Amino acid sequence: MKRRIRTILISAVLALSMSISTFASELTDSFLLSVPKDESASELTLETAIEKAISKSSAIKKINLSLSSSDSDRQTLVNEYYASTTDNNISTALALLKYDMSYSSTLRSKEVQEEQIAYSMTSTFMEIIKAQRSLEVKKKAIETASKEMAVNKLKEQLGMISQTELSKLTLTYEDNKTDYEDLEKSLSDAFKDLNTLIGESEDSYTIAVLPVYEKLTLETALDTYISTKMSTDPDILDSTDSLYIAELNEDLYDGTSGSYSSVTTSLSQATLSLSDLKESYTSKLESLYDSIISDEKTYEANLKEYELLKTNLTIAEKKYELGMITKIELENARNSVYSEESSLLSNIYEHMLLLEKFESPYLG
């Protein structure tokens with residue numbers, strides 16, 4: 001858990017030493033649209049939110065209860081092993097081995113739960129930040145649209161546009177206002193969901209997640225990477241342990257614990273389960289890899305579009321100064337930049353989450 005939380009919380013800081021990651025941070029810092037800060041909102045760091053969510057998690061509480069009684073339970077098995085006769089030593093030793101494997105599995109399960117909470121909280125923070133920016137973008141668009149509506153009403157009165165055209169424009173304007181209200185509700189609901197996770201009751205929080213964009217670079221072939229990650233995956237380790245126990249049951253079969261056929265069937269099932277799990281794991285990582293590469297291409301395309309829109313805005317500003325375009329046209333050019341800024345931030349955050357899942361596929 002500590003390793004994963006450090007990865008999520010600190011990797012951004014470490015990555016700032018890399019030029020491409022620094023660029024991502026500088027890019028978002030230079031965004032034209034600044035989201036107003038709610039001065040009445042309490043500050044909530046990601047690390048604090050994760051700690052609160054972990055302490056509140058009922059799943060982790062149950063695991064801790066299970067682990068707390070493990071030492072005495074294991075000692076009982078150890079005592080039985082040393083007190084048993086020669087005939088019973090093997091079965092007791094096997095029971096002890098199963099117990100130790102189960103204990104290790106429980107520890108892994110706890111770590112996975114904690115890492116999943118950290119990942120989920122990071123994603124929740126990102127969604128809130130994106131929603132806040134989208135709300136502000138929509139607000140700017142509506143302010144401009146309101147001015148356009150006033151102009152369009154005047155045009156309709158002068159016979160420059162038809163009543164039908166005005167009705168269509170009015171409908172679009174009303175749809176934008178409805179979208180804004182929906183975004184407000186979504187943001188409010190997101191903060192409520194956050195409160196549920198951390199056990200608090202604030203209406204909103206001042207939060208932040210440093211945007212870091214680092215292109216995926218594998219030091220080995222993809223299949224080698226997958227094989228390496230597979231050797232430490234919690235589910236595969238559990239399945240490998242189950243297969244080992246099934247193999248021992250066959251090797252140590254003495255005719256006193258069920259039929260030999262049931263033992264070999266269990267071994268075959270354990271072998272098949274592990275094989276299926278590895279195949280599924282491979283497919284999942286291959287799919288994640290493809291998603292990351294696709295996301296990087298989308299980001300590069302959006303970045304080019306962003307630079308083009310900024311250039312268009314600069315031109316629009318010059319034209320406005322010369323009286324060649326209206327203020328509404330200038331605002332529309334600026335709003336296009338605002339919208340693309342939201343897309344870029346979403347790209348960066350999505351890429352960060354994909355890299356986390358590529359590192360630890362069990363996160364999602």
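These figures come from a predicted structure and were not determined experimentally. Just so you know, these numbers use all the heavy atoms, side chains as well, and skip hydrogens, waters and symmetry mates.
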So which of Asp235, Leu285, Ile226 actually passes side chain to side chain contact (heavy atoms under 4.5 Å, CB included) with Pro361?
Leu285
If you define the side chain from C-beta out and look only at heavy atoms, does anything of Met352 sit under 4.5 Å from Thr122?
no
Side chain to side chain, Glu321 and Lys318, heavy atoms closer than 4.5 Å
yes
Does the pair Met121 and Leu194 meet the rule for a side-chain contact (heavy atoms from CB on, under 4.5 Å), with working shown?
CA-CA 8 Å; Met121 188 60 68; Leu194 177 58; 3.4 Å; yes
What's the verdict on side-chain contact (heavy atoms from CB on, under 4.5 Å) for Asp182 and Thr178, showing C-alpha distance, side-chain angles and the deciding distance?
CA-CA 6 Å; Asp182 290 342; Thr178 299; 3.9 Å; yes
Whether the Tyr260 and Glu250 side chains hold a donor-acceptor pair (N or O, under 3.5 Å, no angle test) is what I'd like checked.
yes
Atom CD1 in Ile198, atom CD1 in Ile54: separation rounded to 0.5 Å?
13.0 Å
Could you tell me whether a side-chain N or O of Ser227 sits under 3.5 Å from a main-chain N or O of Asp223, the two making a donor and an acceptor?
no
Any donor-acceptor N/O pair, Ser146 side chain to Glu143 backbone, under 3.5 Å
no
Considering all heavy atoms, the nearest Ile117-Ala53 contact
CG2-CB, 3.6 Å
Apply the test side-chain hydrogen bond (donor to acceptor under 3.5 Å, both in side chains) to residues Asn302 and Ser343: give CA-CA distance (whole Å), side-chain angles for both, the deciding distance (0.1 Å), then the verdict.
CA-CA 7 Å; Asn302 284 344; Ser343 296; 5.2 Å; no
Going from NZ on Lys278 to CD1 on Ile236, what distance comes out if it is rounded to the nearest 0.5 angstrom?
7.0 Å
How many angstroms lie between CD1 in Ile128 and CG in Leu135, if you round to the nearest 0.5 Å?
13.0 Å
Taking every non-hydrogen atom, the tightest pair across Glu329 and Thr326
OE1-N, 2.8 Å
Lys/Arg N to Asp/Glu carboxylate O, Lys130 vs Glu127, below 4.0 Å
yes
Give the ring-plane orientation class for Tyr205 versus Phe191, where under 30° counts as parallel, over 60° as perpendicular and anything between as tilted.
tilted
Taking 4.0 angstrom as the limit, do Glu331 and Lys147 come out as a salt bridge?
yes
Would Lys229 and Asp233 pass as an ion pair if we require N to O under 4.0 Å?
no
Just wondering, are more than 12 heavy atoms of other shown residues or ligands nearer than 6.0 Å to CG in Asp38?
yes
Mind checking whether Leu27 and Leu344 have side chains closer than 4.5 Å, heavy atoms only?
yes
One pair to check against side-chain contact (heavy atoms from CB on, under 4.5 Å): Tyr119 and Lys357. What are the steps and the verdict?
CA-CA 9 Å; Tyr119 176 86; Lys357 286 198 287 188; 3.4 Å; yes
Between Ser30 and Tyr306, which heavy-atom pair has the shortest distance, and what is it?
O-OH, 4.4 Å
Does Ser266 use its side chain to pair, donor to acceptor, with the backbone of Ser262 at less than 3.5 Å?
yes
Side-chain heavy-atom pair Leu218, Leu216 within 4.5 angstrom cut-off
yes
Treating Thr106 as the side-chain partner and Ser102 as the backbone partner, does any N or O pair qualify as donor plus acceptor under 3.5 Å?
yes
Is it possible for you to say whether Leu237 and Tyr281 belong to one hydrophobic cluster, with membership spreading through side-chain heavy-atom contacts below 4.5 Å?
no
Heavy-atom donor-acceptor pair, Ser336 side chain to Asn332 backbone, under 3.5 Å
yes
Check: Asp100 main-chain N/O paired with Ser104 side-chain donor or acceptor under 3.5 Å
yes
Identify whether Ile142 and Leu187 are in the same connected component of the hydrophobic contact network (ILVMFWY, side-chain heavy atoms under 4.5 Å).
yes
Looking only at non-hydrogen atoms, find the nearest pair between Glu136 and Ser34 and report the distance.
CG-O, 4.4 Å
Heavy-atom closest pair, residues Leu67 and Tyr103:
CD2-CE1, 3.5 Å
Cluster link Leu355 to Leu363, ILVMFWY, side chain under 4.5 Å:
no
Side-chain heavy atoms nearer than 4.5 Å, only ILVMFWY residues, links allowed to pass through others: does that put Leu288 and Tyr213 together?
no
I'd like to know if the side chain of Asn347 and the backbone of Asp295 have a donor-acceptor N/O pair within less than 3.5 Å.
no
Answer whether the closest heavy-atom distance between the side chains of Ile129 and Leu345 falls below 4.5 Å.
yes
Do Phe358 and Leu353 share a hydrophobic cluster (ILVMFWY, side-chain heavy atoms under 4.5 Å, transitive)?
no
When Tyr338 is tested against each of Arg133, Lys139, Lys140, Lys138 for side chain to side chain contact (heavy atoms under 4.5 Å, CB included), which residue passes?
Lys140
Without swapping roles, check the side chain of Ser68 against the backbone of Leu65 for a donor-acceptor pair under 3.5 Å.
yes
Would you check if Thr311 and Thr314 make a side-chain contact, meaning some heavy-atom pair closer than 4.5 Å?
no
Check Ser273 against Ser239 and note the closest heavy-atom contact, atom names and distance.
C-OG, 4.0 Å
Is the shortest side-chain N to carboxylate O distance from Lys177 to Glu174 below 4.0 Å?
yes
So, taking the atom named CG in Asn335 and the one named CD1 in Ile328, what distance separates them when rounded to the nearest 0.5 Å?
11.0 Å
Measuring from Ser360:OG to Glu356:CD, what's the distance to the nearest 0.5 Å?
7.0 Å
With no hydrogens and no angle check, is any side-chain donor or acceptor of Lys56 less than 3.5 Å from a backbone partner on Thr196?
yes
Would you compute the distance between atom CD of Glu305 and atom OG of Ser339 and round it to the nearest 0.5 angstrom?
10.0 Å
Flag the pair Met160 / Asn152 as yes when at least one side-chain heavy-atom distance between them is below 4.5 Å, and no otherwise.
no
Counting N and O atoms only, with roles assigned by atom type, does the side chain of Thr228 sit under 3.5 Å from a partner on the main chain of Thr224, one being a donor and the other an acceptor?
yes
Are the side chains of Met149 and Leu166 in touch, meaning some heavy atoms are under 4.5 Å apart?
yes
Trace of the side-chain hydrogen bond (donor to acceptor under 3.5 Å, both in side chains) decision for Tyr362 with Glu115
CA-CA 9 Å; Tyr362 52 79; Glu115 291 179 12; 2.4 Å; yes
Yes or no on side-chain contact (heavy atoms from CB on, under 4.5 Å) for Ile207 and Thr45, after CA distance, side-chain angles and deciding distance?
CA-CA 6 Å; Ile207 63 175; Thr45 67; over 6 Å; no
